[in-house]
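Here's the structure we're looking at; comments come further down.
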Amino acid sequence: MKRLLHQVLFGGITGNAFTVDLGLAVLRVAAGSLLCGLSRGILFRPDGWGPPGWFVDHVATLGFPAPGGFAWVALLTEFFGGLLLVAGLLTRPAALLNAVTTGVAAFGHHQQPTADGLSALAFCVMTGVVAVAGPGRYSLDALARWFGPPRAPRPSMRSEP
């Protein structure tokens, strides 16, 4: 169970070519930076911090109960999840949460791939790819693999006399 949890949290495709891992790093850092930057502008405003009224109203139109709470969750997921993507730490869970959040925005709020809906759809696809492929070797998760749970010893193929 420990190995499975470690693989889900820190795993990824291993043995990739240099260019594949470089591409994953570029995709991960770009998606994380943009998500973090966009949500930071909404979350931390000159008149205060937290989800503004218009954002809570948009969440309410989607039919979520407690729209203020879901607005907080969405913005914090995008901001802190974006930071985790940039660092490549807990990449798969952060990417999955962001894929769900931006997917709800793309298909629930915007309902068509135009203007803001197109960027939400692009974020959904980018973070979805990172959630499936993993962070690549240029990430903090790759370092965590070195310090993972110990592997079970292989059974010997020799027969004992």
Side-chain angles (χ1 to χ4, degrees), residues 1-45 49-51 55 58-59 62 64 69-110 113 115-158:
M1 184 65 176
K2 263 185 170 178
R3 292 184 68 190
L4 177 63
L5 182 62
H6 190 267
Q7 178 63 25
V8 168
L9 292 178
F10 301 110
I13 299 171
T14 57
N16 291 335
F18 164 77
T19 54
V20 172
D21 282 328
L22 182 62
L24 283 172
V26 169
L27 178 65
R28 182 176 46 77
V29 170
S33 299
L34 291 169
L35 278 168
C36 189
L38 289 172
S39 60
R40 181 182 56 91
I42 299 170
L43 190 59
F44 305 108
R45 301 173 319 283
W49 72 287
F55 190 78
H58 284 294
V59 172
L62 295 173
F64 284 102
F70 277 95
W72 270 103
V73 169
L75 286 174
L76 292 176
T77 297
E78 289 181 1
F79 182 74
F80 289 109
L83 290 176
L84 289 171
L85 287 175
V86 169
L89 181 63
L90 298 173
T91 306
R92 282 189 158 154
L96 179 63
L97 288 172
N98 271 307
V100 170
T101 301
T102 56
V104 168
F107 296 108
H109 173 65
H110 299 289
D116 292 339
L118 190 56
S119 64
L121 181 60
F123 282 125
C124 179
V125 170
M126 289 190 303
T127 55
V129 167
V130 173
V132 171
R137 76 177 96 165
Y138 306 114
S139 65
L140 292 177
D141 283 344
L143 289 176
R145 278 186 234 142
W146 287 92
F147 303 106
R151 299 180 188 243
R154 290 185 172 173
S156 173
M157 298 304 282
R158 292 188 295 176

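The first residue of the sequence shown is numbered 1, and numbering continues consecutively from there.
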For this session: Identify the residue among Leu27, Val132, Leu35 that makes a side-chain contact (heavy atoms from CB on, under 4.5 Å) with Thr127.
Result: Leu35
Seminar exercise, completed: Between Gly88 and Ser139 the two heavy atoms that sit nearest each other are O-CB, 3.6 Å
Problem set entry | Short side-chain to backbone donor-acceptor contact, Arg45 and Gly50, under 3.5 Å | yes
For this session: State, yes or no, whether a side-chain contact exists between Leu62 and Phe70 at a heavy-atom distance under 4.5 Å.
Result: no
Problem set entry | Closest non-hydrogen atom pair, Ala94 against Leu84 | CB-CB, 3.9 Å
For this session: Could you tell me the separation between the CZ atom of Phe80 and the CG atom of Leu43, rounded to the nearest 0.5 Å?
Result: 7.5 Å
Exercise. Where do Val86 and Gly32 come nearest, in terms of heavy atoms and distance?
Worked result: CG2-C, 3.7 Å
Exercise. Which atom names give the shortest non-hydrogen contact between Ala142 and Gly136, and what distance separates them?
Worked result: CB-O, 3.8 Å
For this session: Apply the side-chain contact (heavy atoms from CB on, under 4.5 Å) test between Phe123 and each candidate in Asn98, Leu38, Leu118; give the one that qualifies.
Result: Leu38
Exercise. Which pair of non-hydrogen atoms, one from Val130 and one from Ala95, has the smallest distance, and what is that distance?
Worked result: CG1-CB, 4.0 Å
Problem set entry | Nearest atoms (heavy-atom pairs only) where Cys124 meets Gly103 | SG-CA, 3.7 Å
Seminar exercise, completed: Rounding to 0.5 Å, atoms OG1 (Thr77) and CH2 (Trp72) come to a distance of 12.0 Å
Exercise. Are side-chain heavy atoms of Glu78 and Thr102 found at a separation under 4.5 Å?
Worked result: yes
For this session: Supply the atom-to-atom distance Arg92 CZ to Leu85 CG, rounded to the nearest 0.5 angstrom.
Result: 12.5 Å
Exercise. Taking atom OG of Ser33 and atom CZ of Arg40, what is their separation to the nearest 0.5 Å?
Worked result: 11.0 Å
Exercise. Can you tell me how far the CG atom of Leu75 sits from the OG atom of Ser39, to the nearest 0.5 Å?
Worked result: 6.5 Å
For this session: Indicate yes or no for a side-chain donor-acceptor contact from Asp141 to the backbone of Thr91 under 3.5 Å, with no hydrogens or angles considered.
Result: yes
Exercise. According to the interplanar angle, ranging from 0 to 90°, do the rings of Phe18 and Tyr138 count as parallel (below 30°), tilted (30 to 60°) or perpendicular (above 60°)?
Worked result: perpendicular
